[in-house]
Amino acid sequence: MRVRLLRSTYTHSGRKIYRRLIQLSEIIEYLERYLELKPLGIVELPLEEACGMVLAEDIRAPNDYPPFDRALYDGYAVISDDVCTAREDRPVTLKVKGFIKAGDVVKVEIKSGECYEVATGALIPYPADTIIPYEYTSEMNGSIQIFKPFRKGFGIQYAASDIAKGEVIFRKGTLIDSKTLSILASIGVCKVKVYRKPIVGIIAVGNELVSVHERLSLGKIFESNSFMVRGFLRELNVPYRYYGIMPDVFDKVKSAVDKALEECDIVVTIGGTSAGREDIVFKVFETYEPGVIVHGVKIKPGSPLVIALSHKKLLIGLPGFPLSCYYTLHLIVKPILLKLMGLELRESHLQAILLKDVEGVPGYRRILPVLAKDVQGRILVYPIHVHSGYLRISAYCDGFIVVPEDVELLKRGSKVEYYPTSNVRYDITFIGSHCPLFEDFLHTLKGFNVRVIFSGSMGGIEAIRHSIADMAGIHLYKPKEGYNTWIIKELKLKNVVLVRGYLREQGLIYNPKLDIKDFSDILTRSLRFVNRNKGSGTRVLIELLLEETCRKLNITVDEAKKKIRGFNLEVSTHEAVALAIKNGKADVGVGIRYVAEKYGLAFRSLNFEVYDIVVRKDFTRREVFRRLILEFKKFLQERVASYPGYKLLEESGEVIYEA
């Protein structure tokens, strides 16, 4: 069949126009129109080198296992008919003829009334058919008394009862693991024929990238995706070669790809795959024959994937954003590699139930990291909404879900495809408002695996409501109501307690070269502002400050939001506010004194807020919570003084409210 290749078209600026984006479900079938995805060859390896390889032929047992009748216990080999009447008050007495150790080569027989003492693994004397463990016997003057009958065959493993000579033990396509190696060795297999694994060449692309061994300057980022790719390949036991970082320069990328093609079976580049003017990976790939066959997949994040061929060798261009790269590895690269390794493709997802509504992206499969829990055999998943440039939150997630391309909205309670990516089990899951002090406290806990996700106060409340979080940090203020307790009442949260935390000094964080008196300066002086994310307690404070300022200036809130430069620039942590100002991206923001002093910025105090911890009642009944509270009180007493802008309250560390 003649297949028409994709050819790029460009605008006058040289930017790429996608001609046809491929559905995720079409990738393998589409690719195999050009290249049959099958193992690249067969090699014979000694058994000790075969772990992680895939068998290229059926394995038939060359020997029986076990090769002789052997004892499974230390004790006495007897004829079962001799002991069938044994009782505690009427023991049977047998004469002991000798002792057989494991490895002894003996040809002995016993008669009725006789037995042999045997060690575990020893040959069974003929015609003994039962082993009596030591604990049911009493030895005296060369004889033993037996106090309990045992059925015929007890304690004996007969020759070939596990594996018979000539039997097919493992089929072609079996992945060899530690258990497989042990079984193969036990039947005398010393070498195996396996499929040769593809060698993957890895190239990171981007002017902004620097090695983790270099100093970071403004506008640069550490190259990290290759570590993800290399780790991913190690997990699959796929060999690779890393060719380093290449700038967005055609000749340099082309040279690196040429070298990788000479030495590897597959070349994977990271970054530079989108449609921007500086994205040149697809241009390099098009220089090969037959060239680019896929440029763009209908998944979000992860759509700017490029797949090309250089004769029979695959070129895969992965997106540069961390989550995009991560998802394309799992959903696209992994199936390709498994077929090349000789493994059958199996469904790697599970059915799960959504805990909250999720919007789809018409025409695209939307991918979201999730937290998961198993409730009576049902997997419940809680999506975490993050941009594809973020990786930290997904590192704490249990997997991801895929929302179908023909769905605009998946309602809570809907079934969804869930791809587990982590086997880690956490003792404590904290979701909520960012606080450096409480984060430091959680990381001082010894002996517990702690998961910390900053999603803002309301994000924490929502995670508590769905029983995904054990604890949530909040600092939500309401005029006339005060801090935190009101939100529990208003939302009618049940089965939770509120643990009193501490005071944090909130204020304006700004460039020391500026003299900012109050929030109105942001409006009247047209200062560049950095905002906090919606749902955070600090954002609630900002909205209140804005309303108060608007009343003074006699303008509407909507007018003020349009006037404030950068009002829509939202960040999710206090550190991010400080760094935006430190790096000259903004002039002012709202945050805690601690980060202002940490980064050498000016601070104008506005108030002291109360930071508390909402805890699920079922978590309070666990030993981990009792220890956590004791450690929390101790930590506050010893450490709070070293955190500028923090103060203890009389009730710090105590439960102050239950619902």
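Note that the structure is predicted; figures quoted are calculated from it, not measured.
- Remark: side-chain polar atoms of Ser652 are paired, donor with acceptor, to backbone N or O of Gly501 under 3.5 angstrom.
- Side chains of Leu371 and Val381 form no contact here, defined as non-hydrogen atoms less than 4.5 Å apart.
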message: Let's go through Val530 and Lys585 carefully: what are the C-alpha distance in whole Å and the side-chain angles of both, what is the deciding distance for side chain to side chain contact (heavy atoms under 4.5 Å, CB included) to 0.1 Å, and is it a yes or a no?
response: CA-CA 8 Å; Val530 54; Lys585 186 177 181 179; over 6 Å; no

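- Contact check on Arg412 versus Asp357 returns no salt bridge, with no Lys/Arg side-chain nitrogen under 4.0 Å from an Asp/Glu carboxylate oxygen.
- The two residues Thr421 and Gly399 make their nearest non-hydrogen contact at OG1-CA, 3.4 Å.
- Contact of the Lys334 side chain with the Leu329 side chain is not registered, since no non-hydrogen atoms from C-beta on lie closer than 4.5 Å.
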message: Could you go through Lys489 and Glu481, starting from their C-alpha distance and side-chain angles, then the distance that decides it, and tell me whether this counts as salt bridge (charged side-chain N to carboxylate O under 4.0 Å, His left out)?
response: CA-CA 11 Å; Lys489 296 176 182 176; Glu481 297 286 347; 5.9 Å; no

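- For Thr549, the side-chain hydrogen bond (donor to acceptor under 3.5 Å, both in side chains) test picks out no residue, with sequence neighbours left out.
- Between Leu314 atom CG and Leu37 atom CG the span is 6.5 Å, to the nearest 0.5 Å.
- Relative to the six-membered ring of Tyr30, Arg33 misses at least one condition, a distance below 6.0 Å or an angle of at most 45° to the axis.
- Here the CD1-CZ distance, from Ile464 to Phe430, works out to 9.5 Å after rounding to the nearest 0.5 Å.
- Between Arg622 and Asp427, the shortest heavy-atom contact is NH2-O, 3.1 Å.
- Judged by distance alone, the side chain of Arg230 and the main-chain N or O of Ser226 form a donor-acceptor pair under 3.5 Å.
- Ion pairing of Glu26 with Lys298 is absent here, as no side-chain N (NZ or NE/NH1/NH2) approaches a carboxylate O to less than 4.0 Å.
- Around the NZ atom of Lys38, the shell of radius 6.0 Å holds no more than 12 heavy atoms that belong to other residues, nucleotides or ligands.
- Classification of the Phe632-Phe438 ring pair by plane angle, with boundaries at 30° and 60°, yields perpendicular.
- Between the side chain of Arg532 and the main chain of Ser572, a donor-acceptor pair closer than 3.5 Å is present.
- Arg366 has no carboxylate O lying under 4.0 Å from a charged side-chain N of Glu359, or vice versa, which leaves the two without a salt bridge.
- Side-chain contact between Lys478 and Tyr483 is absent, with no heavy atoms from C-beta onward closer than 4.5 Å.
- With rounding to the nearest 0.5 Å, the separation of CZ in Phe232 from CG in Asn225 is 13.0 Å.
- At a threshold of 4.0 Å, the pair Glu405-Arg365 counts as salt-bridged, since one of the basic side-chain nitrogens sits closer than that to a carboxylate oxygen.
- Taking CG of Leu305 as the reference point, atom OH of Tyr327 lies at 15.5 Å (rounded to 0.5 Å).
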message: Trp486 vs Leu476, test: side chain to side chain contact (heavy atoms under 4.5 Å, CB included). Steps then yes/no.
response: CA-CA 9 Å; Trp486 68 272; Leu476 294 167; 3.9 Å; yes

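- Classification of Glu462 and Lys356 as a salt-bridged pair holds, one side-chain N sitting under 4.0 Å from a carboxylate O.
- Side chains of Tyr396 and Ser422: no donor on one and acceptor on the other come within 3.5 Å.
- Atoms CG and NE2, on Asn484 and His475 in that order, are 8.5 Å from each other to the nearest 0.5 Å.
- Remark: side-chain polar atoms of Lys373 are not paired, donor with acceptor, to backbone N or O of Arg378 under 3.5 angstrom.
- Salt-bridge annotation for Glu623 and Arg626: present, with a side-chain N of the basic residue lying under 4.0 Å from a carboxylate O of the acidic one.
- Ion pairing between Asp398 and Arg451 holds under the 4.0 Å rule for side-chain N and carboxylate O.
- Nearest heavy-atom pair, Val358 versus Pro383, reported as atom, atom and distance to 0.1 Å: CG2-CG, 3.4 Å.
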- request: Using the salt bridge (charged side-chain N to carboxylate O under 4.0 Å, His left out) rule, take Glu570 and Lys534 through it: C-alpha gap first, then chi angles, then the decisive distance, then the call.
  value: CA-CA 8 Å; Glu570 299 179 2; Lys534 296 179 182 68; 2.6 Å; yes

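- With contacts defined as side-chain heavy-atom distances shorter than 4.5 Å, the pair Val370/Tyr382 does not qualify.
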message: Quick one, Leu233 with Glu235, criterion side chain to side chain contact (heavy atoms under 4.5 Å, CB included). Give me CA distance, side-chain angles, the key distance, then yes/no.
response: CA-CA 5 Å; Leu233 293 174; Glu235 290 169 359; over 6 Å; no

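- Going from atom CG of Asp374 over to atom CG of Leu350 covers 10.0 Å, rounded to the nearest 0.5 Å.
- Using the six-membered ring where Trp is involved, Tyr419 and Phe400 have ring planes that are parallel, under 30° apart on the 30 and 60° scheme.
- Counting only distance, with no hydrogens or angles, the side chain of Arg504 and the backbone of Ile592 share no donor-acceptor pair below 3.5 Å.
- Val624 has its side chain within reach of Ile428: a pair of non-hydrogen atoms, C-beta onward, lies under 4.5 Å apart.
- Salt bridge annotation for Glu559-Lys563: absent, with no cationic side-chain nitrogen under 4.0 angstrom from a carboxylate oxygen.
- Heavy atoms of other residues, nucleotides or ligands lying less than 6.0 angstrom from CD of Gln351 number more than 12.
- Nearest heavy atoms, Pro404 versus Leu410: CD-CD1, 4.3 Å.
- Under the 3.5 Å distance criterion, with hydrogens and angles disregarded, a donor-acceptor pair is assigned to the side chains of Arg234 and Tyr240.
- Looking at Tyr418, its side chain never comes within 3.5 Å of a backbone N or O of Ala372 through a donor-acceptor pair.
- Contact detail for Gly473 and Ile613: the closest heavy-atom pair is CA-CD1, 4.2 Å.
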message: Apply side chain to side chain contact (heavy atoms under 4.5 Å, CB included) to residues Ile487 and Met458 and explain how you reach the verdict.
response: CA-CA 9 Å; Ile487 192 68; Met458 290 307 298; 4.2 Å; yes

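- A 4.5 Å side-chain heavy-atom check between Ile27 and Leu331 finds every atom pair outside the cut-off.
- Between Leu569 and Phe529, the closest side-chain pair of non-hydrogen atoms is not below 4.5 Å.
- A donor-acceptor pair shorter than 3.5 Å cannot be found between the side chains of Glu631 and Thr444.
- Heavy atoms only, all atoms of each residue included: Gly271 and Val281 are closest at O-CG2, 3.2 Å.
- If you look at Phe285 and Phe282, their ring centroids are not closer than 6.0 Å.
- Taking the centre and axis of the six-membered ring of Tyr364, the NZ or CZ atom of Lys300 falls inside the cone set by 45° and 6.0 Å.
- Looking at heavy atoms from C-beta onward, Leu442 lies in side-chain contact with Met471 at the 4.5 angstrom threshold.
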